[in-house]
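Residue numbering restarts at 1 for every chain, and letters A, B, ... go by the order of the sequence lines. This is a predicted model, so every value here is computed, not measured.
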Number of protein chains: 2
Amino acid sequence: MVGNHSPAKEAPHARPHPAERHSRLPAPSARPACGGQVSHALARVARSHRTTAGHLLRRLGLYPGQELLMMRLWEAGPQRQSELIKLMELDPSTVTRMVQRLEQAGLISRCAHPGDRRAVLIETTPAGEALREEVEQVWRDLEERTVAGLTEADRAELSRLLSLLERNLATG
Amino acid sequence: MVGNHSPAKEAPHARPHPAERHSRLPAPSARPACGGQVSHALARVARSHRTTAGHLLRRLGLYPGQELLMMRLWEAGPQRQSELIKLMELDPSTVTRMVQRLEQAGLISRCAHPGDRRAVLIETTPAGEALREEVEQVWRDLEERTVAGLTEADRAELSRLLSLLERNLATG
DNA sequence: GCCCATTACTTGGCCAGCCAACATAATGGT
DNA sequence: ACCATTATGTTGGCTGGCCAAGTAATGGGC
């Protein structure tokens, strides 16, 4: 991975005082007049989607989010970090760190921008380039799995609606 | 936020599924260059949505994600942590830490489960209860902003499609 | 009674992402 | 030339979220 893992230890605590309240309420998933039908669904689906992407990307040594940055580089070639930030709509600090990790992983490299000493130029390394096919395959798999069972019309409709939502949320 | 920082005053702070349908799958239509149309849109919209939620929740001293846990407690009353984990479909460790922070913020309290010394019962505190109206208002606002401009039919359709996606991603 | 799988939770570690504050470098105006 | 403004990145700090690994308590089988 572009990182790694490890173990654990113990801990205390525990507070007395039961007071056992039996609040057996109605079924958990009643769809109450809970304000956010679409919001909830969107959040759940997106998290699930991201987690699935994570599992697939894992074998390639990437974390979800990193593949998007790589894809931008593959498609648009070497570019300024500020360009990545703008296009991916991420916080500058997020990109800075992601870039640091990807560089350390040997997938990209940073170099000074000739002509603007503030800027950093970012480009893929051969190792990074080598991941392209696999990552794109992962995305095809993911997309297929995501919209499985939807008709062509459904997919188009979904894209249309998501675009509307994106517009709504952008302007605010 | 709920974790630390501060705000203005004190104590509690200031910091702050529907339908389904048939559909036969057609040939893997040749998609545009970019493999994940829906996937990309979904990811972008969801991130934007979450960020927007974050801005709204911020004034209440909450981080996005925490409000969902509170809402479950408000709706279903005191319950085991394992129940929250199951219903929210989160990793146990995620809930453990979220609960620790919310407890430290004074919004919920943990106590031993009488009869099962492994379990932890979680309930809202008065301070937590006091946030309910505001949080629910935030969610109504968020939902409204999210689906603004969509017809009733569009909203229903969107919910339907998202449910399908959820099902697709769950089984895998 | 005794042993073991299961359940419930916790900690360590790592990542994306955000905000705030900061250091530099380029630019524009006067 | 000089200085304020803008552009570009970076670091610190905090969150949600995941995985791996570990501690306890429960419950079942023998």
Side-chain angles (χ1 to χ4, degrees), chain A residues 1-14 43-44 46-55 57-58 61-69 79-86 88-102 104-105 110 112-113 115-122, chain B residues 1-6 15-16 43-44 46-55 57-58 61-69 79-86 88-102 104-105 110 112-113 115-122:
Chain A
M1 205 65 100
V2 169
N4 88 92
H5 316 1
S6 220
K9 204 34 205 187
E10 66 112 4
H13 100 304
R44 291 172 70 84
R47 190 157 52 73
S48 191
H49 182 268
R50 189 182 177 84
T51 299
T52 301
H55 290 325
L57 290 169
R58 190 166 198 180
L62 291 176
Y63 282 92
Q66 297 181 334
E67 87 281 16
L68 297 174
L69 196 157
Q79 57 203 285
R80 298 176 153 224
Q81 192 165 306
S82 59
E83 210 57 37
L84 290 173
I85 290 169
K86 208 164 302 176
M88 299 180 68
E89 296 183 303
L90 290 173
D91 188 273
S93 61
T94 297
V95 174
T96 291
R97 277 153 183 152
M98 211 181 294
V99 160
Q100 291 172 342
R101 287 169 182 137
L102 288 170
Q104 191 164 14
R110 310 185 319 170
H113 185 313
D116 189 340
R117 293 193 300 181
R118 295 171 300 179
V120 173
L121 270 182
I122 298 179
Chain B
M1 246 16 162
V2 130
N4 88 49
H5 269 326
S6 73
R15 19 177 184 63
R44 292 171 69 85
R47 190 156 52 72
S48 191
H49 182 268
R50 189 182 177 84
T51 299
T52 301
H55 289 326
L57 289 169
R58 189 168 198 174
L62 292 176
Y63 281 93
Q66 298 182 333
E67 88 282 15
L68 297 174
L69 197 156
Q79 58 203 284
R80 296 177 157 225
Q81 190 165 307
S82 58
E83 211 57 37
L84 290 173
I85 290 168
K86 208 166 301 175
M88 299 180 70
E89 295 183 305
L90 290 173
D91 188 273
S93 62
T94 297
V95 174
T96 290
R97 276 153 181 152
M98 211 182 293
V99 160
Q100 291 172 342
R101 287 167 183 139
L102 288 170
Q104 191 164 15
R110 309 186 320 172
H113 184 311
D116 189 340
R117 294 192 300 183
R118 294 170 303 177
V120 174
L121 272 182
I122 299 180

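Distance CD1 (Ile85(A)) to C1' (dA16(C)): 14 Å, rounded to an integer number of Å. Rounded to whole Å, the distance from CG on Asp91(B) to P on dG13(C) is 17 Å. Atom CD of Glu67(B) and atom P of dT15(D) are 15 Å apart (whole Å). Regarding Tyr63(B), its OH atom lies at a distance of 12 Å from the C1' atom of dG17(C), rounded to whole Å. Rounded to an integer number of Å, the gap from CZ of Arg58(B) to P of dC19(C) is 7 Å. Protein atom CD of Glu89(B) is 13 Å distant from nucleotide atom P of dC19(D), rounded to whole Å. Rounded to a whole Å, the NE2 atom of His49(A) is 17 Å from the P atom of dG17(D). The interatomic distance linking Arg44(B) (CZ) with dG17(C) (C1') rounds to 15 Å, in whole Å.
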- Message: The test is side chain to side chain contact (heavy atoms under 4.5 Å, CB included); show your working for Gln81(A) and Leu121(A) and say whether it passes.
- Response: CA-CA 6 Å; Gln81(A) 192 165 306; Leu121(A) 270 182; over 6 Å; no
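Between the CE atom of Met88(B) and the CG atom of Leu69(B) there is a distance of 4.5 Å, given to the nearest 0.5 Å. Considering OG1 of Thr96(A) and CG of Asp91(A), their distance stands at 8.5 Å, rounded to 0.5 Å. From His113(A), atom NE2 reaches atom CD1 of Ile122(A) across 11.5 Å, with rounding to the nearest 0.5 Å. The CZ atom of Arg50(A) sits 12.5 Å away from the NE2 atom of His55(A) when rounded to the nearest 0.5 Å. Atoms CZ and CG, from Arg101(B) and Leu62(B) in turn, are 13.0 Å apart once rounded to the nearest 0.5 Å. For the atom pair CZ (Arg80(B)) and CG (Leu84(B)), the distance works out to 11.5 Å, reported to the nearest 0.5 Å.
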Show me the protein contacts with nucleotides 2-8 of chain D, counting only N or O atoms at under 3.5 Å.
{"from": "dA7(D)", "atom 1": "O4'", "to": "Arg118(A)", "atom 2": "NH1", "distance (Å)": "3.4"}
{"from": "dA7(D)", "atom 1": "N3", "to": "Arg118(A)", "atom 2": "NH1", "distance (Å)": "3.2"}
{"from": "dT8(D)", "atom 1": "OP1", "to": "Arg80(A)", "atom 2": "NH1", "distance (Å)": "3.0"}

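Map Pro92(B) and Met88(A) each onto its nearest nucleotide of DNA chain C; the residue landing nearer the 5' end is Pro92(B). Position along DNA chain D of the nearest nucleotide to Pro64(B) versus Gly115(B) favours Pro64(B) as the more 5'-ward residue.
The side chain of Met98(A) lies closest to dG17(C), out of dT15(D), dC18(D), dG17(C). Among the nucleotides dC9(C), dG17(D), dG17(C), the one closest to any side-chain atom of Thr94(A) is dG17(C). Comparing dC18(C), dC19(C), dG16(D) by their closest approach to the side chain of Leu90(A) singles out dC18(C). Across dC19(D), dA25(C), dT10(D), the shortest atom-to-atom separation from the side chain of Arg117(A) is found for dA25(C).
OP1 or OP2 of dG17(C) lies within a sub-4.0 Å distance of a side-chain N or O belonging to Arg50(A). Listed pair Arg101(A) / dA16(C) meets the phosphate criterion, a side-chain N or O lying under 4.0 Å from OP1 or OP2. The phosphate of dC19(C) (OP1 or OP2) has a side-chain N or O of His55(B) nearer than 4.0 angstrom. Contact between the side-chain N/O atoms of Arg97(A) and the OP1/OP2 oxygens of dC15(C) is not found at any separation under 4.0 Å. Between Gln100(B) and dC9(C), a side-chain N or O to OP1/OP2 separation shorter than 4.0 Å is absent. Between dT15(D) and Gln66(B), no contact under 4.0 Å exists linking OP1 or OP2 to a side-chain N or O.
A donor N or O paired with an acceptor N or O is not found under 3.5 Å between the base of dC9(C) and the side-chain atoms of Ser93(B).
The residue Arg47(A) sits close only to the backbone: its heavy atoms come under 4.0 Å of sugar-phosphate atoms, none of a base.
Counting non-hydrogen atoms of neighbouring residues, nucleotides and ligands closer than 6.0 angstrom, the CD atom of Gln100(A) exceeds 12 such neighbours.
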